[in-house]
Chemist: 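Here you go, one structure.
Please read all numbers here as calculations on a predicted model, not as lab measurements. Proteins come first, then strands; the chains are lettered A, B, ... in the order of their sequence lines, and each starts at number 1.
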Amino acid sequence: MLEKNFNHQEKEKQIYQKWEQMELFKAHPESNKPPFCIVIPPPNVTGVLHMGHALDDSLQDVLCRYKRMQGFDVLWQPGTDHAGIATQIVVEKMLAKEGISRHDLGREKFVERVWEWKNQSGGQIINQLKALGASCDWSRERFTMDEGLSAAVRKIFVKMYKDGLIYKDKRLVNWDSKLQTAVSDLEVIQKEAIGKMWYMNYPVEGTTNQFITVATTRPETFFGDTAVAVSDKDERYKDLIGKNVILPIINRAIPIIADEHADPEKGTGAVKITPAHDFNDFEVGKRHHLEMINILDTYGRLNENVPEEFQGMDPLTARPLVLAKIKELGLYVKEEDNPMTIPYGERTGVIIEPYLTDQWFVDTREIGRKALEAVENGSVKMYPENMKNTYYEWMRNLQPWCISRQLWWGHQVPVWYGPDGKIFCEETEEEAYAKAQEFYGKDISLTRDTDVLDTWFSSGLWAFSTLGWPEETIYLKKYYPTSVLITGFDIIFFWVARMMMMSLYAMKEIPFKEVCFHGLVRDEKGQKMSKSKNNGIDPLVMIEKYGADALRMALLVQAGTGRDVLIGDSRVETYRNFATKIWNAAKFTQLNNCVVDPAFNPKSVQLPLNKWLISKVAKTADSISKSIEEYQFNDASNTVYHFAWGTFCDWYLELTKPILNGSDTRAADETRKTTAWALDQILKMMHPFMPFITEEIWANTAERSEMLMATSWPKYMDCVDEVAEKQIDFLIGMISSIRSVRVEMNVPPSIKAQLLIKDAQENEADLIRSNQILLSQLARLESIDFVNESPKGSVQKIFGTITLALPLAGLIDVAAEKERLMKEREKLASYLKGLDAKLSNEAFVSKAPANIIADQRQKQAETRSSIEKIDEAYNRLADL
RNA sequence: GGGUGUGUAGCUCAGGUGGUUAGAGCGUUACGUUGACAUCGUAAAGGUCACAAGUUCGAGUCUUGUCACACCCACCA
């Protein structure tokens, strides 16, 4: 017997353990069931579960549980990401509390500390995923820096290097001076700000009063200027091309060059060129073979290439001083406000400087083209489809991918240098050493490159590295390419695009057949969750308070493809109430001895009411299937919600009460069995969404040979009975329509249900007549005029007639009823007016399709008669 | 500057291929229930479907334009 309430705090853990003990999450590559595989977007190993994970993983869990019930051999491949930058920052902060920096420890000791921290906190997020109910195959848990995955990273790197796809280059990169590392374009966040534009004069060499005015937002960088560019079509400067200008303060001569980069329309038409500190200038510098003067150190401070008085300064400190000097020299022209964007580090929040260093790059042209084609030609499908446009846009403008990071936590680049700087790129130090020996013909010592790889390099391999690549495992064979990737659209470039490129390169095959993007989770007001707003909602708190089922459902009912999801207490509470409702429905079936009969055959039932329910079960299960297959999780979960609450609890259980308590024992017996059967089907349909409570009810409502999650999805389309469905739907429509009267009359549900007891008649006319009698009793009428065929029309008639009856029965306030009738009449009259106008419109009558016209005519007649009835009722009221 | 969305009840959202009194949940109000319901049930109020023009017998739905908001990308001497 079910307890009074479902104690989610206690039961969810027990149920989860049971699933694990019975190994229900395990994949079975040896089985001949068809494969279904999802790789989890790996959360940061040191992270905690946030709402984004809760949504992402709930969606995946729904799919996995559903597919298992559909007879698939499901592998939900779990694991975590080493998250280079994020993790290093966390550990450095911890060290800072102890008063030490990573440099005090040295690289080796620091990395040890990170491993310690990983081992200590890495299990946390996994346990949190379990609390959510995630049915991952935990026996296969991987980590992007475990031995196998590290080997995969080295292998790919070496292969790409040898294929010429990875190369080292001295280029401008985005430099994070706090982390002391390069970051990729995607890791730079542009923020808008109102800056200033300063104009200053550069004297032309050999003249005393000739100047070129340049405009700049960063005057302090002029120490690194190596040219001034003008357009060769610009009359103002045409003659100066080839001459030099003298940089103020440092008195260095730099050439005036002609370059397309200079736009006569913009600024003064003359651009100072600082190749080492600006991406455009860098390109100009390369075109003209200009010197590249780096004026910053790795901490972003002015270095020895500027006059001593400015050395060691931060650019923003130096700026006013430089400007003051220029003013002193009489070369300052003016300043004006200038809206601009300033680049900040995604993780550190410091200003990102373009910085000239040696870095490793992936040449993305070829692999990017293949990744683009795979989506263009439909090999990989995207949901929602418009995400393809975003993907295309980025893929068509791919830049070289800077994969090296000057961090300590990550995959160290498998590159060794000879004494002369010769590169040996091999998977192991031994191999590199062997190659070096061979090359030099003698024993030499090698030094290893200190860079580590961008985290996304290893996550780019995730789809196949987790399955065992480069080993030819049965997992790789059976589950690759994976079925679908479910992730947020915020990492489409970071991760999805990189996985596409890396997988197509390494495997010569797509990593997944479909990608399903979901939106962001926001707070109840639709605002982005952020630490600064302090509006974050902790999924674990929600689980503790309302249960994992309620949280999942609250997320799922909104999870259409691509849409944002709002979450908050009231939403989760709603679905906790839903869970309680189902719990109580199950309790109700037990109290009424609705026991599962293993021999029950849904095709053999006799009562239309039972046939109706079985039909609805079949159709609902089918509709949920379709929605899930299309990743319409919101439709699927809403369907099961409304079916369980509305169709099953509100209607079926209410309507069967008099049958269960009635004298027809055969009908009662059939109804009990049908109820028990239907509850089982509902539990199955609900299980992917609310796995815990359904499993608990399942276990407590009968002797079960297997757990709910191991059962199969209900497929009963062959039990659909359209006739019974139509009958009962019709009656429900009628009953619904008299609800307003019922309130006043206080009709108990059992009378409502009696209407339906009589529905054993299969013929609609009989059905109507029998209910006519009941309706007339209900309304204490001697007769009831009820002739219409169409359900909607009938509803209107009944409404009018019962209204007529009520005052006679002395059940309601006459004045109030009169007012209500007038209102109703007004509504109908205005509707009728519209219909009359339309039907007398020649254009409508001649052009509209016949069925529409017929329909309108009928409506017109019905409405007219309804108005008459109301008038009649009103008159009778007046007589009282 | 380029792109992608969104705008329907107080709030959050549904509303295939145009078809007629525009729906749900939450919230509000009223009444009822505590014999499945840490609640539930029944109902009421609440909407010129952002705005404008167009196509059409008929537009929330299609076209164009305008406005507002959100996000993404790029540029910014």
Side-chain angles (χ1 to χ4, degrees), chain A residues 2 4-5 185-186 190 192 195 197-199 213-218 221 228-230 261-263 266-274 278-281 284 338-342 384 386-390 392-394 397 489-490 492-493 519-520 524-526 528 557-558 560 562-566 568 570-571 573-574 576-577 580-592 634-635 638 641-642 645-646 649-650 653-654 657 736 739-744 746-749 752 820 827-828 830-832 834-835 838 841-849 851-853 855-856 859 863:
Chain A
L2 287 167
K4 176 137 177 50
N5 291 108
D185 298 344
L186 290 173
Q190 305 286 346
E192 299 205 349
M197 175 88 83
W198 287 275
Y199 291 78
T213 308
V214 294
T216 178
T217 53
R218 304 194 58 190
T221 62
V228 169
V230 298
H261 174 56
D263 180 349
K266 282 190 188 166
T268 60
V271 197
K272 65 192 270 301
I273 301 296
T274 323
D278 180 284
F279 290 100
N280 283 312
D281 294 2
V284 177
N338 183 41
M340 55 194 288
T341 54
I342 297 172
N386 60 33
M387 287 308 289
K388 288 201 293 198
N389 294 327
T390 311
Y392 292 156
E393 204 196 326
W394 196 69
N397 296 294
F489 57 73
D490 51 331
I492 180 170
F493 308 135
L520 228 58
E524 219 144 6
K525 293 177 199 132
K528 246 185 189 172
V557 292
Q558 302 176 72
R563 280 207 86 83
D564 284 349
V565 169
L566 277 54
S570 76
R571 283 170 187 271
E573 210 179 335
T574 303
R576 192 271 322 269
N577 291 350
T580 306
K581 181 77 182 178
I582 296 308
W583 184 263
N584 281 303
K587 231 161 67 180
F588 174 80
T589 66
Q590 284 192 316
L591 290 171
N592 284 284
N634 53 342
D635 288 348
N638 274 308
Y641 175 89
H642 285 115
W645 198 316
C649 293
D650 287 352
L653 291 186
E654 288 299 332
K657 276 174 183 172
S736 299
R739 273 177 190 171
S740 60
V741 221
R742 199 181 55 211
V743 174
E744 283 121 36
N746 191 16
V747 174
K752 181 166 82 171
R820 209 171 61 80
K827 264 195 195 171
L828 290 175
S830 93
Y831 176 48
L832 183 62
L835 286 173
K838 185 180 289 180
N841 180 341
E842 263 181 56
F844 174 73
V845 178
S846 61
K847 291 192 182 173
N851 60 330
I852 299 279
I853 295 173
D855 186 52
Q856 296 296 292
K859 288 257 166 67
T863 311

Chemist: Measure across A:K581 and A:C649 and return the closest heavy-atom pair with its distance rounded to 0.1 Å.
Modeler: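 That would be CE-CB, 3.6 Å.
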Chemist: Using Watson-Crick or G-U wobble geometry with both distances below 3.5 Å, tell me the partner of B:rA45, or none.
Modeler: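 Its partner is none (no Watson-Crick or G-U wobble pair with both distances under 3.5 Å).
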Chemist: With a 4.0 Å cutoff (strictly under), does any side-chain N or O of A:W645 reach OP1 or OP2 of B:rG41?
Modeler: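 So the side-chain polar atoms of A:W645 do come within 4.0 Å of the phosphate oxygens OP1 or OP2 of B:rG41, strictly under.
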Chemist: Write down the atom of A:A262, the atom of A:G269, and the distance for their closest heavy-atom approach.
Modeler: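 Heavy atoms of A:A262 and A:G269 come nearest at CB-O, 3.9 Å.
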Chemist: Measuring only the C1' atom in each nucleotide, how far is B:rG23 from B:rA36? A whole number of Å is fine.
Modeler: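 Result for the C1' pair: 29 Å, nearest Å.
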Chemist: Would you classify A:M197 as touching base, sugar-phosphate or nothing, given that sugar-phosphate means primed atoms plus P, OP1 and OP2, and contacts are heavy atoms under 4.0 Å?
Modeler: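 Answer is sugar-phosphate: A:M197 comes under 4.0 Å of backbone atoms only.
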Chemist: Looking for any heavy atom pair under 4.0 Å, which part of the strands does A:D490 touch: base, sugar-phosphate only, or nothing?
Modeler: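 Touches nothing.
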Chemist: Under 4.0 Å, counting only non-hydrogen atoms across every strand here, what does A:R218 touch: a base, just sugar-phosphate, or nothing?
Modeler: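 Nothing, no nucleic acid heavy atom in range.
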Chemist: Nearest-Å distance, NZ (A:K847) to P (B:rG18)?
Modeler: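 Whole-Å distance recorded here is 17 Å.
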Chemist: Taking the C1' atom in each of B:rG16 and B:rC26, what is the distance between them to the nearest angstrom?
Modeler: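 Comparing C1' positions in B:rG16 and B:rC26 gives a spacing of 27 Å.
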Chemist: When rounded to the nearest Å, what value does the distance between P atoms of B:rU4 and B:rG58 take?
Modeler: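 Between the two P atoms, the distance is 32 Å.
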Chemist: Under 4.0 Å, heavy atoms only, any strand: does A:K587 hit a base, just the sugar-phosphate, or nothing?
Modeler: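 Answer is sugar-phosphate: A:K587 comes under 4.0 Å of backbone atoms only.
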Chemist: Quick one: A:F844 CZ to B:rG19 C1', roughly how many Å, whole number?
Modeler: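 Taking atom C1' of B:rG19 as the reference, CZ of A:F844 is at 8 Å.
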Chemist: Considering only the C1' atoms, how many Å lie between B:rU48 and B:rA44, rounded to the nearest integer?
Modeler: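 Taking atom C1' in both B:rU48 and B:rA44, they lie 23 Å apart.
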Chemist: Counting only side-chain heavy atoms from C-beta out, which of B:rC57, B:rG41, B:rU4 sits nearest to A:A843?
Modeler: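 My answer, after comparing the listed nucleotides, is B:rC57.
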Chemist: Under 4.0 Å between any heavy atoms, over every strand shown, what does A:Q856 touch: base, sugar-phosphate, or nothing? Just pick one.
Modeler: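 Touches a base.
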Chemist: Roughly, in whole Å, what's the span from NZ in A:K528 to C1' in B:rC71?
Modeler: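 For the pair A:K528 NZ and B:rC71 C1', the rounded distance is 8 Å.
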Chemist: Counting Watson-Crick and G-U wobble pairs only, both distances under 3.5 Å, name the nucleotide matched with B:rG27, or none.
Modeler: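 None - no nucleotide pairs with B:rG27, as no candidate has both distances under 3.5 Å.
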Chemist: Give, for atom CG of A:D490 and atom CG of A:L186, the distance between the pair rounded to the nearest 0.5 Å.
Modeler: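 One gets 11.5 Å once the value is rounded to the nearest 0.5 Å.
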Chemist: Does a side-chain N or O from A:N397 land closer than 4.0 Å to OP1 or OP2 of B:rG2, or not?
Modeler: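 For B:rG2, OP1/OP2 do not have a side-chain N/O of A:N397 under 4.0 Å.
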Chemist: What contact category does A:S570 fall into here, base, sugar-phosphate, or nothing, at under 4.0 angstrom with non-hydrogen atoms?
Modeler: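 Counting heavy atoms under 4.0 Å across all strands, no contact is made by A:S570.
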Chemist: Roughly how many Å is it from CG in A:N638 to P in B:rA14, rounded to a whole number?
Modeler: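 Checked: the CG to P distance equals 10 Å.
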Chemist: Consider the side chain of A:F493, meaning its heavy atoms from C-beta on, and name the nucleotide among B:rU12, B:rC57, B:rC73 that approaches it most closely.
Modeler: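 Among B:rU12, B:rC57, B:rC73, the one nearest the side chain of A:F493 is B:rC73.
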Chemist: With the side chain of A:E393 defined as its heavy atoms from C-beta on, choose the nearest nucleotide among B:rG19, B:rA36, B:rC73.
Modeler: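 Given the options B:rG19, B:rA36, B:rC73, the side chain of A:E393 is closest to B:rC73.
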Chemist: Please give the nucleotide sitting opposite B:rU21 as a Watson-Crick or G-U wobble pair, both distances under 3.5 Å, or none.
Modeler: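 Paired with B:rU21, as far as the under-3.5 Å criterion goes, is no nucleotide at all.
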Chemist: Return whichever of A:W394 or A:N386 has its heavy-atom-nearest nucleotide of RNA chain B closer to the 5' end.
Modeler: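 Final value for this comparison: A:N386.
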Chemist: Between A:E524 (CD) and B:rC13 (P), how many Å, whole number?
Modeler: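 Computing the A:E524:CD to B:rC13:P distance gives 12 Å.
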Chemist: Closer to the 5' end of RNA chain B via nearest nucleotide, is it A:L186 or A:D635?
Modeler: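 Final value for this comparison: A:D635.
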Chemist: Measure from the side chain of A:C649, starting at C-beta and using heavy atoms only, and say which of B:rC72, B:rU12, B:rA36 lies closest.
Modeler: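 Between B:rC72, B:rU12, B:rA36, the one nearest the side chain of A:C649 would be B:rA36.
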Chemist: Just so I know, are the side chains of A:I273 and A:H261 near enough to count as touching, which here means a heavy-atom distance under 4.5 Å?
Modeler: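 Contact flag for A:I273/A:H261 side chains = yes.
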Chemist: Looking at B:rC57, B:rA24, B:rA36, which one has an atom nearest to any side-chain atom of A:H642?
Modeler: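 Among B:rC57, B:rA24, B:rA36, the one nearest the side chain of A:H642 is B:rA24.
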Chemist: Looking at B:rG5, B:rC72, B:rG19, which one has an atom nearest to any side-chain atom of A:T390?
Modeler: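 Output: B:rC72.
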Chemist: Roughly how many Å is it from CZ in A:F588 to P in B:rG41, rounded to a whole number?
Modeler: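 Spelled out: CZ on A:F588 to P on B:rG41 is 14 Å.
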Chemist: A:F489 has a side chain; which of B:rC71, B:rG19, B:rA38 sits nearest to it?
Modeler: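 It is B:rC71.
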Chemist: For B:rG54, give its Watson-Crick or G-U wobble partner with both distances under 3.5 Å, or none.
Modeler: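 B:rG54 is paired, partner B:rC62.
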Chemist: Considering non-hydrogen atoms only, spot the tightest contact between A:D564 and A:G519 and give its length.
Modeler: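 So the two residues come closest at OD1-CA, 3.5 Å.
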Chemist: Checking A:W583 side chain against A:K4 main chain: does a donor-acceptor pair fall under 3.5 Å?
Modeler: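 Side chain of A:W583 to backbone of A:K4, a donor-acceptor pair under 3.5 Å: yes, one is there.
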Chemist: What interatomic distance, in whole Å, is found between C1' of B:rU28 and the corresponding atom of B:rG2?
Modeler: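 It comes out at 46 Å once rounded to the nearest Å.
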Chemist: Determine the Euclidean distance between corresponding C1' atoms of B:rA59 and B:rA50; express it in Å to zero decimal places.
Modeler: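 Per the computed distance, 16 Å lies between those C1' atoms.
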Chemist: How far does the C1' atom of B:rC40 sit from the matching atom of B:rU33, given to the nearest Å?
Modeler: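 That atom pair is separated by 8 Å.
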Chemist: Can you tell me the pairing partner of B:rC75 across any strand shown, Watson-Crick or G-U wobble, with both distances under 3.5 angstrom?
Modeler: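 By the stated definition (distances under 3.5 Å), nothing pairs with B:rC75.
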Chemist: Expressed in angstrom and rounded to an integer, what is the separation of A:D564 atom CG from B:rC13 atom P?
Modeler: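 Those two atoms, CG and P, are 8 Å apart.
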Chemist: Please give, in whole Å, the distance from B:rU4 P to A:L520 CG?
Modeler: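 The distance from CG of A:L520 to P of B:rU4 comes to 21 Å, rounded to the nearest Å.
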Chemist: Over all strands shown, is A:T217 touching base, sugar-phosphate only, or nothing at heavy-atom distances under 4.0 angstrom?
Modeler: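 Since only primed, P, OP1 and OP2 atoms lie under 4.0 Å of A:T217, the category is sugar-phosphate.
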Chemist: Tell me what A:W198 touches on the nucleic acid: a base, only sugar-phosphate, or nothing, going by heavy atoms under 4.0 Å.
Modeler: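 The residue A:W198 makes no contact with any strand.
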Chemist: For the side chain of A:K581, counting heavy atoms from C-beta on, which of B:rC40, B:rG19, B:rU12 is nearest?
Modeler: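 The answer is B:rC40.
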Chemist: Kindly compute the distance separating CG (A:N634) from CD (A:Q558), expressed to the nearest 0.5 Å.
Modeler: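 Result: 9.0 Å between the selected atoms.
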Chemist: Applying a 4.0 Å non-hydrogen cut-off, can you work out what A:N577 is touching in the nucleic acid: base, sugar-phosphate, or nothing?
Modeler: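 Sugar-phosphate only.
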Chemist: Give the nucleotide from the list B:rA36, B:rC57, B:rU12 with an atom nearest to the side chain of A:A848.
Modeler: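 Among B:rA36, B:rC57, B:rU12, the one nearest the side chain of A:A848 is B:rC57.
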Chemist: Find the distance between CD (A:E573) and OG1 (A:T580) and round it off to the nearest 0.5 Å.
Modeler: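 Those atoms lie 10.0 Å apart.
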Chemist: Could you give the distance from CD1 (A:I342) to CD (A:Q190), rounded to the nearest 0.5 Å?
Modeler: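 Interatomic distance, A:I342 CD1 to A:Q190 CD, rounded to 0.5 Å: 9.5 Å.
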Chemist: Can you give me the closest heavy-atom contact between A:T213 and A:A270, atom names plus distance?
Modeler: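 Looking at all heavy atoms of both residues, the closest pair is O-CB, 3.8 Å.
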Chemist: Does B:rA38 have OP1 or OP2 sitting under 4.0 Å from an N or O in the side chain of A:N5?
Modeler: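 Answer is yes, contact under 4.0 Å.
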Chemist: Side chain of A:L566: nearest nucleotide among B:rC13, B:rC73, B:rA38?
Modeler: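 The nucleotide sitting nearest to the side chain is B:rC13.
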Chemist: Which part of the nucleic acid does A:I852 contact within heavy-atom distance under 4.0 Å: base, sugar-phosphate only, or nothing?
Modeler: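 The answer is base, as A:I852 lies within the cut-off (heavy atoms under 4.0 Å) of a base atom.
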Chemist: What interatomic distance, in whole Å, is found between C1' of B:rG1 and the corresponding atom of B:rU17?
Modeler: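 It comes out at 37 Å once rounded to the nearest Å.
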Chemist: Could you tell me which nucleotide pairs with B:rC69 by Watson-Crick or G-U wobble geometry, both distances under 3.5 Å, or answer none if nothing does?
Modeler: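 Here B:rC69 is engaged in a pair, and the nucleotide opposite it is B:rG5.
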